[in-house]
Amino acid sequence: MNWLYVLLGAMVGAPLRHLTDRAVQARFGTAFPWGTFTVNVAGSLVLGLLAGAAAAGVAGSELQLLLGTGLCGALTTYSTFSSETLRLAESGTFGYAAANVLASTAAGLGAAFAGAALAGAVWP
Amino acid sequence: MTGPEPGEARPRSAFRAQAPVVAAVAAGGGAGATARYAATLVWPTPAGGFPWTILWVNVVGCALMGVLIVAVTEWRTTHPLLRPFLGTGVLGGFTTFSTYAVDVHGLFEDDRPAPALLYLALTPVTALAAVWAATAAARRALLERPAGGGAR
């Protein structure tokens with residue numbers, strides 16, 4: 001029944017990504033894919049925190065499947081990120097395409113480190 | 001975009017218009033994430049090992065996204081819920097950015113900087129190559145039909 005935790009988490013995470021993307025686009029426009037950037041960084045932060053909590057022994061396997069594999073996994077996306085990067089490159093804005101890859105990777109990795117550091121501070 | 005609705009009717013009609021899309025994204029996302037979880041069970045990554053399974057999940061998901069975008073934006077007019085279900089939902093839920101970022105961190109934590117840096121660079125390079133190549137292949141297969149062949 002482990003897959004049910006993944007399914008439940010993802011059925012919240014994926015629509016949350018869609019609604020966040022719409023809200024961010026309504027506020028900041030569609031020239032740069034800030035919506036996907038936002039969910040990818042936020043999801044990496046939460047998953048980093050969860051991984052740290054799991055390492056500290058305070059997050060069980062069910063919670064990891066629900067919030068990690070399911071919610072954070074579906075909240076974040078690589079396919080839309082790649083597709084939006086290709087769209088930027090094809091429309092001639094190579095600078096934006098490169099910035100999207102570098103900024104998303106750097107910010108996502110930074111968020112994962114920050115989440116893990118936060119977990120280390122909360123559950124030493 | 002929702003139609004021009006004056007006054008108080010707008011928020012409710014916007015919600016009504018969004019509800020099927022949100023449901024399609026939720027259903028697709030659940031299916032995609034469950035498929036990703038299944039892939040990690042079939043091809044488990046040993047503790048401290050190189051996360052090949054998630055790398056392949058992301059690369060395959062990016063290639064399929066390239067095909068889907070060509071199919072629904074350049075090839076055919078499809079059902080309005082097809083792209084939210086398959087793209088935002090299934091492929092969005094199948095692929096993951098957070099697991100990639102946290103696995104890179106984990107490799108650094110395990111004092112394995114070389115695999116960490118390799119995984120850090122290999123994922124965007126292969127994923128972008130996959131979406132680019134799949135988009136080009138889909139355009140060739142779907143859009144560049146021989147003259148008169150199969151056209152209605």
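Side chains are part of it too, since the values below use all heavy atoms of this structure and drop only hydrogens, waters and symmetry mates. Residue numbering restarts at 1 for every chain, and letters A, B, ... go by the order of the sequence lines.
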**Student:** Answer with side chain, backbone, both or neither: which region of B:A24 has an atom nearer than 4.5 Å to a non-hydrogen atom of chain A?
**Tutor:**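 Neither part; nothing is under 4.5 Å.
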**Student:** Return the CZ to OG1 distance between A:R87 and B:T73, rounded to the nearest 0.5 Å.
**Tutor:**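 Separation between the atoms: 11.0 Å.
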**Student:** If you count every heavy atom of other residues, nucleotides or ligands that lies below 6.0 Å from B:W132 atom CH2, does the total exceed 12?
**Tutor:** no
**Student:** Quick one: OG1 on A:T76 to CZ on B:F97, what's the gap to the nearest 0.5 Å?
**Tutor:** 8.0 Å
**Student:** Do you reckon B:L117 sits in the same ILVMFWY cluster as B:L122, going by side-chain contacts under 4.5 Å, direct or chained?
**Tutor:** yes
**Student:** Could you see if B:F108 belongs to whatever hydrophobic cluster contains B:W52? Use Ile, Leu, Val, Met, Phe, Trp, Tyr and a side-chain cutoff under 4.5 Å.
**Tutor:**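 Per the 4.5 Å side-chain linkage, B:F108 and B:W52 are co-clustered.
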**Student:** Group every Ile, Leu, Val, Met, Phe, Trp and Tyr by side-chain heavy-atom contacts under 4.5 Å, then state whether B:V104 and B:L55 land in the same group.
**Tutor:**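 They do share one cluster, since a chain of ILVMFWY contacts under 4.5 Å joins B:V104 to B:L55.
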**Student:** Hydrophobic cluster membership, with links at side-chain heavy-atom distances under 4.5 Å among I/L/V/M/F/W/Y: are B:L82 and B:V67 in one?
**Tutor:** no
**Student:** Quick one: are A:L109 and B:L120 in side-chain contact, heavy atoms under 4.5 Å?
**Tutor:**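 Yes; the side chains approach each other to less than 4.5 Å.
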**Student:** Nearest 0.5 angstrom please: B:T96 OG1 to A:L75 CG, how far?
**Tutor:** 9.0 Å
**Student:** Can you find a heavy atom in the side chain of B:T88 that is under 4.5 Å from one in the side chain of A:T80?
**Tutor:** no
**Student:** Does a side-chain heavy-atom distance below 4.5 Å link B:T123 with A:Y78?
**Tutor:**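 Of all side-chain heavy-atom pairs linking A:Y78 with B:T123, at least one is under 4.5 Å.
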**Student:** Could you tell me whether the side chain of B:Y100 reaches within less than 4.5 Å of the side chain of A:T105, counting heavy atoms only?
**Tutor:** yes
**Student:** How are the rings of B:H105 and A:F113 set to each other: parallel, tilted or perpendicular (split at 30° and 60°)?
**Tutor:** perpendicular
**Student:** Is a side-chain N or O of A:S79 found less than 3.5 angstrom from the main chain of B:L91, in a donor-acceptor match?
**Tutor:**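 Yes, A:S79 side chain to B:L91 backbone: donor-acceptor pair under 3.5 Å.
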**Student:** Donor-acceptor pair, B:S98 side chain versus A:S44 backbone, under 3.5 Å?
**Tutor:** no
**Student:** Under a 4.5 Å heavy-atom cutoff, which of B:G93, B:G30, B:G92 has the most pairs with chain A?
**Tutor:**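 The answer is B:G92.
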**Student:** Under a 4.5 Å heavy-atom cut-off, does chain B meet the side chain of A:L65, its backbone, both or neither?
**Tutor:**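 Contact with chain B is through the side chain of A:L65 alone.
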**Student:** Between B:L128 and A:V101, does the side-chain contact (heavy atoms from CB on, under 4.5 Å) criterion hold? Intermediate values first, please.
**Tutor:** CA-CA 9 Å; B:L128 289 169; A:V101 175; 3.7 Å; yes
**Student:** Answer yes or no: is there a side-chain heavy-atom contact under 4.5 Å between A:V6 and B:R36?
**Tutor:**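 No - every pair of side-chain heavy atoms lies 4.5 Å or more apart.
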**Student:** Using a 4.5 Å cut-off on heavy atoms from C-beta on, say whether the side chain of B:Y37 contacts that of A:N2.
**Tutor:**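 In contact.
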**Student:** Using a 4.5 angstrom heavy-atom cutoff, name the option from A:A51, A:G68, A:S104 with the most pairs to chain B.
**Tutor:**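 Result: the option with the highest number of such pairs is A:S104.
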**Student:** Do B:Q18 and A:L19 have side chains that get closer than 4.5 Å, going by heavy atoms?
**Tutor:**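 Counting from C-beta outward, B:Q18 and A:L19 do come under 4.5 Å.
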**Student:** So for atom OH, which belongs to A:Y96, do other residues, nucleotides or ligands contribute more than 12 heavy atoms lying within a distance under 6.0 Å?
**Tutor:**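 Result for OH/A:Y96: open.
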**Student:** Look at A:A55, A:G48, A:A10 and state which one has the largest set of heavy-atom pairs under 4.5 Å with chain B.
**Tutor:**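 Result: the option with the highest number of such pairs is A:A10.
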**Student:** Are B:V102 and A:L67 linked, directly or through other ILVMFWY residues, by side chains that come within less than 4.5 angstrom of each other?
**Tutor:**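 In one cluster: yes.
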**Student:** Would you confirm whether A:R17, through its side chain, and B:V25, through its main-chain N or O, come within 3.5 Å as a donor-acceptor pair?
**Tutor:** no
**Student:** So which of A:A111, A:G73, A:G43 has the largest heavy-atom pair count under 4.5 angstrom toward chain B?
**Tutor:** A:G73
**Student:** Which heavy atom in A:P15 sits nearest to a heavy atom in B:V22, and how many Å separate them?
**Tutor:** CB-CG1, 3.8 Å
**Student:** Counting neighbours of OH on A:Y5 that are heavy atoms of other residues, nucleotides or ligands and sit closer than 6.0 Å, is the number greater than 12?
**Tutor:**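 No, the 6.0 Å shell around OH holds no more than 12 heavy atoms from other groups.
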**Student:** Looking only at heavy atoms, which two atoms of A:S83 and B:M65 are closest? And how far apart?
**Tutor:**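 Looking at all heavy atoms of both residues, the closest pair is CB-CG, 3.7 Å.
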**Student:** Looking at OG1 of B:T95 and CZ of A:F81, how far apart are the two atoms once the value is rounded to the nearest 0.5 Å?
**Tutor:**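 Between atom OG1 of B:T95 and atom CZ of A:F81 there are 11.0 Å.
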